[in-house]
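Data first, discussion second: the structure below is written as structure tokens.
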Amino acid sequence: MSENKFVVAQDGDIEDGEAIKIDRAITGADDDIAVFFDNGEYFALNDTCSHATASLSEGWIENGEVECPMHSGRFCLASGEVLSMPASENMRTHRVVLENGDVILYPGVPAGVKA
Amino acid sequence: MAAKRLPSTGSVAETPKGALHRPTGIHHNFEVAGMVDSTSGLVDRAIFTDEGLYQQELRRVFAPSWLFLGHVDQLKKTGDFFTTFMGEDPIIVSKGKDGEIRAFLNSCRHRGARVCRADYGTTKNFTCTYHGWTYDLEGKLSNVPNVAGYDENFDTADWGLVEVAQIDNYKGLIFATWNPSAPELPDALGGAKYYMDAFLDKDPEGTVVVGGIMKWELDGNWKLAAEQFATDWYHVNMSHASALMVLSPTGKGPKSEIANTPGRQFHDEQGGHGAGFPTHPKSRFDAQKVHEHYDYGFLRERLGDATVEGPMTTGHGTIFPNFSYLPINGSIRIWHPKGPNKMEVWAWTILDKSMSPEVREAQRLYNLRTFGPSGIFESDDGENWSEVQSISNGFVTNSVALNLQMGIGSEREDGVYPGTTSELYSDAAGRNFYRKWAQLMDTPAWHEEPNE
């Protein structure tokens, strides 16, 4: 797994409160992955909201949470935990780190786990 | 409890008319078959806004149907009464000296004022405050001030309060109709009785009213509310997200398997009634004390496993046209029509007689907080109905059909829940509700002259 990593952006490419979407065709993961930049930290979650079909990379990002742009379900960026109905399933997290100005995504490696 | 009509009171048809007759066409009846397409699941939005259709509803939907009046517990002894409405007609329901429950039009036969202005109470008679005509508990005209001023043709026996054609109760719920040829109440309730029993028949001793009747006015056509309680579980996780979250132990809403529970939805093709319920055992909507009060083994034996695992979890129901209920928490309500754009909601809490006062109080407060006038669920629903109504009079808005297409073709007999059922998330009972509505709207009612 440790070999499966991607430089998805340079620090500064993603503005605060924004996110980018990494296509599953690039990572080989089973879903697109949203990489968020919120208050100086990077986070990554599966991109497709566990409730319906929305892209969380297009969601509202604030205070360590992302709110789905479609039905307003909310998730913790760090843990993927669901915080608000109508969503009821947690989101899968992925490890993302900043090294020497590179934003590095480890698809399939849960956040908080060393690659 | 079939109606006993005394010689002193009359049906609408028997009231003296003299030489009065209404000109042909004073009531214009629209043919509405083209406004409800129950096969395709489409409804014309004008059925919620048009004044002419509304007047026709009062004549052809409300006047011929069995309508909910109240609970037998509201009338304990002779002289007890309460007032309500059937459609927009004001009604007195009273307990006579013979112990019979009767329902009368609350309008003096002289100049038409109400003869009772109170919501409920105990009385000896009903005296009109305008000129003083007085009626006894059985509706008989018992006193006319200056009766000597009328000639010898005047007979008080002709001028009793106008009485409903039929009155009956189903397990404590009193219904009445102006329609002399309506099927008897149990037949009119039809297949819905099984689903109503999940809340009316848990206790061999029956049910009681706990607390008073909560009454509030709402912008919105009455059908929006009646339809939702018949058919709509679809709105729950979206509309009630915040309420479900506050009530959940985690603050984040029910677990996924409960939030996305399976379930069934029933509709009575003949009567237009509908009911839906989840079948997840933890999908419950009552105070913890109520849950602890029940002996589910006893209830399984009394009403069957399917009832306990289905309509007794939680859910919703509408008895056509405008009586709705929430089976598990005992919230019952009527959506009184007040013009096409307004309704008045009257809501009761009905609980088992053998519950302790403490358990009853817990559920009364639970209902007040959830489905009272400012209840956290009720206000979500009211907001939706008023929102829909507030824009419905826009010409273009009004011209665009509404969609009730979920679950088309899913209607079947499932071998577990009696009658025709569909999925929990379905518009089947809604399509049936509007089909029944259109059928009544296009059928001359009992009060219409043959050819009118």
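Side-chain atoms are counted along with the backbone in the values below, which use heavy atoms only and exclude waters and symmetry mates. Within every chain, numbering begins at 1; the chains are lettered A, B, ... in the order of the sequence lines, protein sequences first and strands thereafter.
- Contacts of A/D16 classified as side-chain hydrogen bond (donor to acceptor under 3.5 Å, both in side chains), with partners at least two apart in sequence or in another chain: none.
- Atom CD1 in B/I376 sits 11.5 Å away from atom CG in B/L368 (nearest 0.5 Å).
- Shown here are the side-chain contact (heavy atoms from CB on, under 4.5 Å) partners of A/D23, two or more places apart in sequence or in another chain: A/A25, A/I26, A/D32.
- Between B/F377 and B/F371, the ring planes lie parallel to each other; the angle is under 30°, not in the 30° to 60° tilted range.
- Sorted pairs that involve residues 44-60 of chain A and meet salt bridge (charged side-chain N to carboxylate O under 4.0 Å, His left out), not counting sequence neighbours, are lacking altogether.
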*With side-chain contact (heavy atoms from CB on, under 4.5 Å) as the test, would you mind laying out the steps for A/F43 and A/I61 before giving the verdict?*
CA-CA 11 Å; A/F43 305 93; A/I61 299 152; over 6 Å; no

Please tabulate the donor-acceptor pairs under 3.5 angstrom that span chain A and chain B, backbone and side chains included.
| unit_1 | atom_1 | unit_2 | atom_2 | d |
| --- | --- | --- | --- | --- |
| A/E81 | OE2 | B/K252 | NZ | 2.1 |
| A/S88 | OG | B/S256 | OG | 3.2 |
| A/S88 | OG | B/N260 | ND2 | 3.2 |
| A/E89 | OE2 | B/S256 | OG | 2.9 |

